[in-house]
Amino acid sequence: MMDERLSENAEECLEAMYKITRNGKRVSTSALTEKLNVSPSSVTKMLKRLDEKGYVDYSPGKGTNLTRKGIRNARRITRKHRLLERFLHDFLKLRRDRIHDQACEMEHSLSDDAEMALCQVLGFPDRCPDDQQPIPPCDFEFSSCEECMERREKGIDEVNLRKSDTMSLADMKEGESGRVVFVRGDHKVMRRLLDMGITPGTTVRVLKIAPLGGPVEISVRGSSIALGRSIASNIFVDPDKSE
Amino acid sequence: MNQPARMKVFDDKEDFNRRKITIALAGNANVGKSVIFNHLTGSNQIIGNWPGKTVEIARGKLNFENYEIEIVDLPGIYSFSTYSLEEIVSREYILTEKPDVVINVVDASVLERNLFFTLQLKEMEVPLVVCLNQIDVARKKGIEVDDKKLQKLLGVPVVPTVAVRGEGLYSLIRSALKVVKEGPAKQKIIRYGDEVEERIEKLVSFIESKPIRLEYPLRWVAIKLLENDPEIRKLIPDSHKDIIEYSESLSRELEKIHGEPGFSIISSERYSVAGKIAGQVQKRASGEVNISERLDQIVMHRVFGYVISLLVIGGLLLWTFFIGNFFSGILSRLFEFFQPVDPQVSGTLIAILWNGAFGGIVAGITLVIPFVIPFYTLLTVIEDSGILTRIAFMMDSLMHKIGLHGKALIPLILGYGCNVPAIHATRILESRRERLLASLAITFAPCSARTIVLLGLVAVFAGIKWAIILYIIDFLVILGVGRIAFRALPGETPGLIMELHSFRVPSLWVVMRQTWIRTKSLIYLVFPIYIFGSSGVQALYALGILDPVGRLLSPLTVTWLGLPAITGILLIFGIVRKEYILLMLVAIYGMNLSQYLTQIQFVVLAFIGMLYLPCLSTITILAREFGWKSSAIISLTNLVTAIVLGGVFYRILSFIM
Ligand SMILES: Nc1nc2c(ncn2[C@@H]2O[C@H](COP(=O)(O)OP(=O)(O)OP(=O)(O)O)[C@@H](O)[C@H]2O)c(=O)[nH]1
């Protein structure tokens, strides 16, 4: 079920790629070199190794992009990093300029169980404290945070990993559509979304994205609904493959 | 034109068999409940094309045949959960006051979402009639709904209507009465998916086997327990904890099967049934791109969208100015014979009072009416067209800067009409904090009375340029004050969740009625005080009281604001309503203002008049909604801002001119 363990450096590399582009677009080796602050030759070596294992698609001279497997892994490690940042900032009250490096150290050894517990204790945060980047959703097969909470309270451990892809509504383009798989947020928001017909498994289509971080208009069950960007970024769908 | 009271023809005859009946109107937001309510009862509930106008239960009377019917307009909601005040209020009303029949108003153009609500009413087993409204809108979207088939599937009478034209309302009431007279047909239960249905039944028989009596229909209680509804759980006495435990174990089974939490399983089930029914009764004419969608392309375009938002608000003001100015000109010519007498020179006290009162009427007729009617007409058209929700959409990120989301823009724009209903409309926002912030912003929005003064006096005497500049400054003041208030009242701003309804051609009936109601209430409010005020100020002038008052306030007026001392008395009158600051000026000097005030002084005075204290009605409603303390703070904020910025403005103007 779990992928084989990667080295810390490999994880750092995936994380850096994910930070540069969230959607698996091509990244140039020089951009990566700069981000990781290591020599170009070691980056190339790393990329070749990741390519062999199927995490990235590396073609010399053209740049590299994350594969589906790579995105998943990169997202998991990014999520751990950003959750840890929240923890260091909100709970341990560490200075803002210290949390990044500390989280970088800790992220590689955080188990999936601990990650889930951390997310619950923090109250399902959606942004990291230093640069307000979105925290990727978890990879467990929950359709809402409430479900995650319930499992915890009732002491159920077997949780499957999600089979479908997840992409936040806020990252989609106008005209794209997908099936709702996960909604992050408190009970109240969840409930209102359900009442508006945004139930797990429903197909939603993005009609319009307002500029300047404005709302997203979606079409669901034959009507249009405007959702603020913060809410849209907490609704995750399995995007329909465009023809 | 349809007369609202059309159905009262059957009235009159006193009858022994007169029966009292209650009919409740329930449904999603913006489906047309208030239109129907107004048609039936002749009342004046707000109508507009944006969700959430009705915030309180409204009641009205209809006499129909032998019946004395009380019609109850419930707030528009999407479900009967207990997460918003409106939902609790509606649920309580339906379950405890038990109306004789509930008319579920349904928007035929978004059937699936509306049927989700209908299904919940069915669960509550209330006597039900479905009013299939807005079939004209559905038709334009290319949707035909087979009402006969819907009636069969739901097992309740379905009456197609076009509420704005009054079509179908007669048979709607007939059907409702039939349900009351004959008792509802045997409830047809709408079944959910097998796994869910099986567990509902198990839970129902489990509760039945217990020696407790519940007020509510069992099946509904069972469903709500499976949904984990906190209010319903409270209904179950502690001695019967096993019911709760059993329902929890059942809902855990469901969670296992469906892989989602209990409450969302039930919602999903309802939606899937609603979708199936909608699918069976709708015929979609294909291929047609509808006009509303095409309009959306423009109105919500990433560039044009903003331009259009500005044009709508700017256009409202310009239209009011040009139309108003035109009619004002005609009316003033009619009243040309009237020349104010200089009260210090001549006349008895009576003559002076009469002179003042008449002057008040003339200024009212030539200044207020010509501007207010075009203003309200266009505002109503804007409200009824559906563009407000689009502007709210485009402006969401801007509004976040002052701690609000886009929906708050709707009451703010309505505040340009009148602050009082606008503050009422802030109830569409989620939290008290947001409503407070929005209300503060609204008190800075120049309402129609002030707009009249700005357009009728400033634009005419100082030039339209000055009126526009004042509006822009006002807009900046709103942003500035909003920003400071947001800092003072920090907190999470909840995200926007808002249904966007399709554009509509505003109905003539709605526009004329709404304009008339608004104009009327403004005239009733403004005219009497204005007439008394005008003669009062003349009398004070004649009695020589103006000068001492002016001297007393002169450090403020003369030194800080650079105005003539006489304006002291104006500021005192302005406490009642701020537009009197300028209107009383006319009462004292007549229309030849330029002889007494320089242009700078005039503009500064108008600026003060624009901000100054909120009017008494606004202060009262603020106190009612938020308490006296908040009301006082908001009012003082207005006053202080007006005076401080007024002085600054004066200095800037003197410097550059
Ligand atoms: N074309 C058309 N428009 C309608 C019809 N019924 C209502 N409308 C319009 O629909 C809009 C909403 O009507 P309201 O009566 O204010 O809706 P409501 O259900 O009371 O809404 P809330 O008070 O917000 O819950 C208005 O713009 C009406 O003019 C109809 O049958 N045909």
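All figures in this text were calculated on a predicted structure; none of them were measured in a lab. Sequence lines set the chain letters: A, B, ... in the order given, protein chains first and strands last, and positions in each chain run from 1.
A salt bridge links A:Arg191 to B:Glu227: at least one charged side-chain nitrogen sits closer than 4.0 Å to a carboxylate oxygen.
Listed for the B:Tyr271 side chain is a donor-acceptor partner under 3.5 Å among the backbone atoms of A:Asp195.
Rounding to the nearest 0.5 angstrom, the gap separating the CG atom in B:Asp396 from the CG atom in A:Leu212 is 11.0 Å. B:His405 contributes atom NE2, which lies 9.5 Å from atom OG of A:Ser230 (distance to the nearest 0.5 angstrom). Considering CG of B:Leu500 and CD1 of A:Ile225, their distance stands at 8.5 Å, rounded to 0.5 Å. In this structure, CD in A:Glu217 is found 9.5 Å from OG1 in B:Thr389, a value given to the nearest 0.5 Å. Interatomic distance, A:Met196 CE to B:Asn28 CG, rounded to the nearest 0.5 Å: 8.5 Å.
Taking chain B as the reference chain and counting heavy-atom pairs below 4.5 Å, the highest number among A:Gly213, A:Ser224, A:Gly201 is found for A:Ser224. The candidate from A:Pro211, A:Ala210, A:Ala232 with the greatest count of non-hydrogen atom pairs under 4.5 Å with chain B is A:Pro211. The choice from A:Pro215, A:Gly228, A:Gly214, A:Gly222 that makes the most heavy-atom pairs within less than 4.5 Å of chain B is A:Pro215.
Contact of B:Glu112 with chain A is made through the side chain alone, with heavy-atom distances under 4.5 Å. Residue A:Ile231 touches chain B through its side chain alone, counting heavy-atom pairs closer than 4.5 Å. Looking at A:Val220, both its backbone and its side chain come within 4.5 Å of chain B, counting heavy atoms on both sides. Within the 4.5 angstrom heavy-atom criterion, atoms from both the backbone and the side chain of A:Ser223 approach chain B. For B:Phe116, the part lying under 4.5 angstrom from a heavy atom of chain A is the side chain only.
For residues 93-100 of chain A, a heavy-atom distance under 4.5 Å to chain B picks out no residue at all.
Atom CZ of A:Arg127 has more than 12 neighbouring heavy atoms from other residues, nucleotides or ligands inside a 6.0 Å radius.
Taking both residues in full, the closest heavy atoms of B:Ser268 and A:Thr199 are given as OG-CB, 3.5 Å, listed atom of the first, atom of the second, then distance.
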